[in-house]
2 protein chains.
Amino acid sequence: MPPDCFRHEALGVVFQVRDKRLSVLLCQRAEPPFEGAWMLPGGLLLADERLGASAGRHLAAKADIPEIAHLEQLETRSDPVRDPRERVLATAYLALVTPGARARLPADTAWHPVDELPPCAFDHRSIIGSARERLRAKLSYTNIGFALAPETFTISQLRDTYAAALGHPVSATNLQRILTRRGVIEPTSDVTRPAASGGRPATLYRFASRELVVTNPFAAFRPRGTAGALTV
Amino acid sequence: MPPDCFRHEALGVVFQVRDKRLSVLLCQRAEPPFEGAWMLPGGLLLADERLGASAGRHLAAKADIPEIAHLEQLETRSDPVRDPRERVLATAYLALVTPGARARLPADTAWHPVDELPPCAFDHRSIIGSARERLRAKLSYTNIGFALAPETFTISQLRDTYAAALGHPVSATNLQRILTRRGVIEPTSDVTRPAASGGRPATLYRFASRELVVTNPFAAFRPRGTAGALTV
DNA sequence: ACAAGTTTTCGACCTATAGTCGATAACTAT
DNA sequence: ATAGTTATCGACTATAGGTCGAAAACTTGT
């Protein structure tokens, strides 16, 4: 292999809110190094393949994930010894899937709540940390919640989703007011039938857009009236 | 060259505020492809070299930039034909230098205001766009201005720096109040002698920290009292 | 029916952040 | 002294967002 030439892998940090907990998809290694530890799904970049497509391809192959609601590049790790065997650069992607998407998983693959991560291989634990940071930030200033929520949902369900992803309690009142004012969510004409134990039926909401939109741009030092949502 | 093996380059988007305008360092190409067009400084990654170090090394070699006040990874471009000769992955870095740092530039290298970019080679124009976006956002919620401002400065000078980087007018009153309240800047005991045409002497300020600190974290949906500055 | 329990929804209040504007301070030059 | 210039500061306002409790709309049990 020529000296100035490197293998490159795409890794996916796939998040899904399962049972009110933010969880990440991990594969258990069967061989050294890091035998028995868990790793992010991913694999090598091919010639003529883009990194985003490579991440999607490996996720589809490894976990048969039907549809990824959102995929964005996180960062590239370049520590020469991050893989003890040979040098491999890694570009991590943040991938979000909605609760409806039930993937058929191989035996070595499982969801793990991010608060109880098992021992992780390589630098994957810190990559998961970066992904959580990115997700938390974007939940606050974009409509990225659409990629974690089902097609329609009640405010309570959305509150649980946000609380799981943000890692702290969220007020349903606040969430409803802020997201409707920003135009991120909108009510449908449907309501749920009341829960098993009774209670008022909840109106069903949906996300106004399923494309990523920056709805609360950083506005410091900006003159009044200059604001406005930007599509990314 | 093996098939699953790629060259990789580190590119630097070096910003400096010059003459009240945000400017970027570019090198003019002497050979095809894109002969005569301007490109970002950078070069190939070496074995056993990290990407950040590679970006720094190429900047030091190409432009003899004395000190880079801030360097952070932006994104990795992987379009197979972004370089028409052979496939090269590129990881872009945002680099900021203070106005005091006067680099000795080779003949083919020059500063260009970002509002009047010359024709750019490869995908470098869009990379510069990404870098501007990142800088604008971070000026609003971090203390990153330290990397664009001199050691000490007046509020008016800082206003000009922020206005240049943000691309819109900035109120000195607002800037002073917000940045002092956040603890980003603090007054020194010195004042300037008045300007040539007279006027009240201005107190000199300095940045409280020259490490990147998130001073205005995204706070939506967070319970009261949970906030707090985070070091990155 | 009616009361009690549950969940949702909404209004009212309050605080913090930040944009605007004008008055005042502190200098130079004539 | 007076005018011009720049800096600084307080007051006002707008808005986003956190908190709380009341009211609405159901179910279940008596």
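The sequence lines fix the lettering, A, B, ..., with proteins before strands; numbering per chain opens at 1.
- Checked against dG17(D), dT8(D), dC26(D), the side chain of Pro201(A) finds its nearest nucleotide in dC26(D).
- Among the nucleotides dT9(C), dA18(C), dA26(C), the one closest to any side-chain atom of Ile178(B) is dA18(C).
- Of the listed nucleotides (dT20(C), dA7(D), dA18(C)), dT20(C) has the atom at the smallest distance from the side chain of Ser171(B).
- When heavy atoms are screened at a 4.0 angstrom cut-off, Ala220(B) is found touching the sugar-phosphate backbone but no base atom.
- The main-chain N or O of Lys20(A) is never found under 3.5 Å from a side-chain atom of Asp160(A) such that the two would form a donor-acceptor pair.
- Remark: side-chain polar atoms of Arg134(A) are paired, donor with acceptor, to backbone N or O of Leu74(A) under 3.5 angstrom.
- A donor-acceptor pair shorter than 3.5 Å cannot be found between the side chains of Thr152(A) and Thr188(A).
- Note on Asn216(A): a side-chain N or O is less than 4.0 Å away from OP1 or OP2 of dG17(D).
- Summarising the geometry, the separation between CG on Leu175(B) and P on dC21(C) is reported as 17 Å, rounded to the nearest angstrom.
- Under a 3.5 Å cut-off, the side chain of Tyr205(B) and the backbone N or O of Ile155(B) do not form any donor-acceptor pair.
- The distance between atom NE2 of His168(A) and atom C1' of dG18(D), rounded to the nearest whole Å, is 12 Å.
- When the P atom of dG18(D) is taken as reference, atom CZ of Arg159(A) falls 15 Å away, rounded to whole Å.
- To the nearest angstrom, C1' of dA25(D) lies 15 Å from CG of Leu204(A).
- The 5' end of DNA chain D is approached more closely, in terms of each residue's nearest nucleotide, by Ala172(B) than by the other of Phe221(B) and Ala172(B).
- Within residues 140-153 of chain B, no residue has any heavy atom closer than 4.0 Å to DNA chain D.
- Shown here are the side-chain contact (heavy atoms from CB on, under 4.5 Å) partners of Ala63(B), two or more places apart in sequence or in another chain: Leu25(B), Ile65(B), Leu105(B).
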Table of protein N/O atoms under 3.5 Å from nucleotides 9-15 of chain D N/O atoms:
unit_1: dC9(D); atom_1: N4; unit_2: Thr173(B); atom_2: OG1; d: 2.7

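- Checked by atom type and distance alone, the side chain of Arg82(B) never pairs as donor or acceptor with a backbone atom of Phe122(B) at under 3.5 Å.
- A distance-only check finds no donor-acceptor pair linking the side chain of Thr142(B) to the backbone of Leu139(B) [under 3.5 Å].
- Heavy-atom nearest nucleotides on DNA chain C were determined for Asn174(B) and for Thr154(A), and the one closer to the 5' end corresponds to Thr154(A).
- Rounded to whole Å, the distance from CG on Leu139(B) to P on dA18(C) is 14 Å.
- The aromatic rings of Phe153(B) and Phe207(B) are tilted relative to each other, their planes meeting at an angle between 30° and 60°.
- Rounded to a whole Å, the CZ atom of Arg193(A) is 12 Å from the P atom of dC26(D).
- A salt bridge is absent between Arg206(A) and Glu151(A); no separation between the charged side-chain nitrogens and carboxylate oxygens falls under 4.0 Å.
- Counting to the nearest Å, the C1' atom of dT17(C) and the CG atom of Leu179(B) are 13 Å from each other.
- As rounded to whole Å, 9 Å separates atom C1' of dT17(C) from atom CZ of Arg182(B).
- The main-chain N or O of Thr91(B) is never found under 3.5 Å from a side-chain atom of Glu9(B) such that the two would form a donor-acceptor pair.
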